[in-house]
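Reading through the structure tokens given below for one structure.
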Amino acid sequence: MTLENWLGIIGGIAIFLFGIKIMGSGIERLAGAKLKSILEKLTTNRFLGLFVGLLITGIIQSSNAVSVMTVGFVNAGLMPLDNAVGVIMGANVGTTITGQLIAFNIDTYAPILAFSGVMLMTFLKKRPWNDILYALTGLGLLFMGMMLMKEHMLHLQDEAWFRNLIANLENPLLAVLVGTIMTMLLQSVSASVGVLQAMAMSGALGAHPLQIAVYLICGQNIGCTTVTVLASIGGTKDAKRTACIHVLFNLFACIVCVILLQLFPGVIDLIERISGTVNGSPNYMQQLANANTFLKIGATVIMFPLSSLLIKLSRVIVRGEDKPDGRRLLHITGGKDFGSSVTAVVSVEKETERMYGIALTNLKKVYAALTAPRKGDLDGINENEETLDFLNSEISKYLVEINRNGLGESDARSVDRMHHVIVDYERIGDHANNIAGYIEHMRASKMTFSEAAMDELAPLFLKVLNIVEDAHTCMLSPKAHPLSNIEEREQEVDDLVDLYENNHIKRLTDGLCSAEIGMLYVEALTDLERISDHALNIAEAGQ
């Protein structure tokens with residue numbers, strides 16, 4: 001082995017990994033919003049989840065992305081833990097499609113695919129064509145990486161140290177360990193299987209590569225769980241349990257498969273026979289692709305009925321429940337990139353929904369304190385306001401991060417909308433906090449609004465509160481509450497504020513109201529008018 005050979009192998013792996021990444025990214029950008037909808041609506045039970053996990057992984061060619069997406073959806077509260085089990089198992093089966101694709105061995109056409117994709121992207125910049133060409137380029141690069149790896153791995157079989165290593169891998173446990181480490185380093189089970197296929201074709205794994213490769217594949221399935229574990233760090237308890245289930249499933253599946261292969265070694269011979277030949281020689285690439293597919297289907301058939309047990313074990317390993325913490329993101333994990341724009345966008349949408357909920361809670365608290373005062377009715381408002389400030393800052397940073405990764409049209413619109421509305425929710429919280437301050441000052445000074453002022457202020461407050469609720473609905477679903485309806489009601493609030501300010505001046509003139517309490521009344525009117533302005537901004541953001 002020369003330096004040139006080693007550089008060729010490393011370069012081939014790099015091109016192969018990059019090809020898988022951009023092929024998946026192109027497909028994900030093309031279908032990102034649809035994937036989100038599928039995951040949300042079609043994972044109502046484990047059986048559907050199994051099918052959906054298989055389908056989506058087969059489309060985007062990345063079990064890591066789907067598993068991480070599942071962690072993100074559980075973290076965001078869009079998918080219950082019970083249903084996530086099926087998606088993860090389905091993703092494990094779906095990822096075998098990459099190996100089957102590689103087994104077609106279209107190396108001759110790979111440069112043409114990559115070149116055509118790159119050249120056409122120069123001229124076709126509009127979506128969806130650009131995304132399709134991006135995926136096509138990735139497919140070409142994937143096969144070019146395979147070509148480069150196979151070419152330079154031919155020399156490995158001449159190295160004594162490598163032959164000794166392969167001989168040691170006849171020990172199934174050592175082969176499992178090496179496979180695990182291999183995938184942990186490459187961060188992709190599809191890439192790991194692809195590397196094995198290249199090694200088999202080059203002859204580096206000996207005359208019967210499947211005898212060793214089948215145990216390496218078992219280990220690779222364990223190694224791929226590291227990405228899911230990393231994605232769950234900083235997430236909710238259920239998100240961590242989802243990652244735990246992924247680890248347990250692959251670990252137990254590996255143990256079961258190793259035991260069965262030891263008891264029934266004829267299975268390996270069967271896979272070799274049904275994989276056929278190429279030009280009279282064994283089709284090693286097809287053998288490994290089939291072994292990967294059969295092992296994962298078999299593991300799923302065995303482990304799927306034990307889903308409930310996996311869930312119980314995950315609850316034993318990850319104990320307790322999440323505690324409320326205003327200074328913590330609940331749906332966005334510590335990492336800035338889950339590896340999936342779909343997950344990132346959904347996570348931010350849930351945090352934005354959380355901001356709306358907090359702002360609305362404060363408005364309702366203040367309204368209740370104004371119209372039906374009781375002890376402790378303003379407690380928690382300042383803490384909620386601090387949480388809104390924190391969320392506004394952190395969500396803004398996260399939106400900037402995910403916007404750099406390249407988003408599909410639907411996701412890009414969603415990110416742009418959230419950039420605007422989080423500021424409005426934070427400002428609504430500010431104005432609610434202002435009114436709470438006026439109430440506290442009045443109570444401390446033993447002042448009250450006049451009956452006439454309350455007859456104006458209370459209905460206006462309720463009107464504004466309803467506008468905020470309907471504006472949020474309008475932003476999410478414009479057909480439910482047309483923008484024109486919100487605009488008319490916002491203008492009505494503006495007109496009422498003008499009228500009530502004139503009424504206030506008349507009360508001051510008639511001596512029915514003091515200057516100090518009158519000032520607080522006008523400030524409260526102004527805050528309510530500003531809240532309705534921000535509500536209109538929120539409604540407009542959904543158009």
Side-chain angles (χ1 to χ4, degrees), residues 9-10 12-13 16-17 20 63-64 92-93 95-103 145-146 149-150 153-154 156-157 159 161-227 247 249-265 267-272 275 282-300:
I9 292 172
I10 294 170
I13 292 173
F16 184 83
L17 286 170
I20 287 179
S63 62
N64 282 347
N92 270 27
V93 177
T95 192
T96 64
I97 293 175
T98 306
Q100 295 290 348
L101 185 65
I102 293 169
M146 284 292 295
M149 282 191 285
K150 284 187 289 186
M153 282 178 176
L154 284 169
L156 276 173
Q157 58 189 316
E159 297 290 323
W161 65 268
F162 187 78
R163 290 197 301 271
N164 291 332
L165 174 62
I166 295 302
N168 289 328
L169 290 181
E170 291 179 3
N171 180 331
L173 296 181
L174 183 58
V176 167
L177 178 61
V178 171
T180 301
I181 295 171
M182 186 179 180
T183 309
M184 288 175 71
L185 292 174
L186 293 179
Q187 295 288 289
S188 169
V189 70
S190 296
S192 299
V193 173
V195 171
L196 283 185
Q197 287 175 298
M199 293 175 74
M201 281 299 293
S202 69
L205 294 180
H208 296 281
L210 196 57
Q211 301 286 342
I212 295 171
V214 70
Y215 295 107
L216 288 168
I217 291 171
C218 286
Q220 288 171 348
N221 294 333
I222 298 174
C224 74
T225 63
T226 56
V227 177
V247 175
F249 167 68
N250 284 284
L251 181 61
F252 290 156
C254 175
I255 293 170
V256 171
C257 286
V258 169
I259 292 173
L260 290 178
L261 288 169
Q262 290 294 301
L263 294 175
F264 306 102
V267 172
I268 296 176
D269 296 329
L270 176 64
I271 294 173
E272 288 179 342
S275 298
N283 189 345
Y284 295 133
M285 293 182 75
Q286 191 65 61
Q287 286 180 15
L288 267 67
N290 288 342
N292 188 31
T293 301
F294 294 159
L295 285 175
K296 289 187 175 176
I297 290 176
T300 302

With sequence neighbours excluded, tell me which residues meet side chain to side chain contact (heavy atoms under 4.5 Å, CB included) with I10.
none
[X]: which residues meet the side chain to side chain donor-acceptor pair (under 3.5 Å) condition with it, sequence neighbours left out?
| X | value |
| --- | --- |
| N290 | Q100, S275, Q286 |
| Q287 | none |
| T225 | none |
| N221 | K296 |

Identified side chain to side chain contact (heavy atoms under 4.5 Å, CB included) partner of T293 from the options V93, T96, I97:
T96
For residues 249-261, which residue pairs qualify under side-chain hydrogen bond (donor to acceptor under 3.5 Å, both in side chains), counting only residues two or more places apart or in two chains?
N92-N250, H246-N250
So, taking the atom named SG in C257 and the one named CZ in F252, what distance separates them when rounded to the nearest 0.5 Å?
13.5 Å
Separation between CG of L216 and CG of N292, rounded to the nearest 0.5 Å:
11.5 Å
For residues 172-185, which side-chain donor-acceptor pairs fall under 3.5 Å, sequence neighbours excluded?
from	atom 1	to	atom 2	distance (Å)
T180	OG1	V176	O	2.9
T180	OG1	G219	O	3.0
T183	OG1	G179	O	3.2
T183	OG1	S192	OG	3.1
T183	OG1	Q220	O	3.4

Where do L261 and L295 land on the side-chain contact (heavy atoms from CB on, under 4.5 Å) test, with the steps shown first?
CA-CA 10 Å; L261 288 169; L295 285 175; 4.3 Å; yes
Please find the pair of heavy atoms, one from A291 and one from I217, that lie closest to each other, and give the distance.
CB-CD1, 4.5 Å
Does a side-chain heavy-atom distance below 4.5 Å link D269 with Q211?
yes
Answer yes or no: is there a side-chain heavy-atom contact under 4.5 Å between V267 and L260?
no
Y284 and E272: CA distance, side-chain angles, deciding distance, side chain to side chain donor-acceptor pair (under 3.5 Å) verdict:
CA-CA 8 Å; Y284 295 133; E272 288 179 342; over 6 Å; no
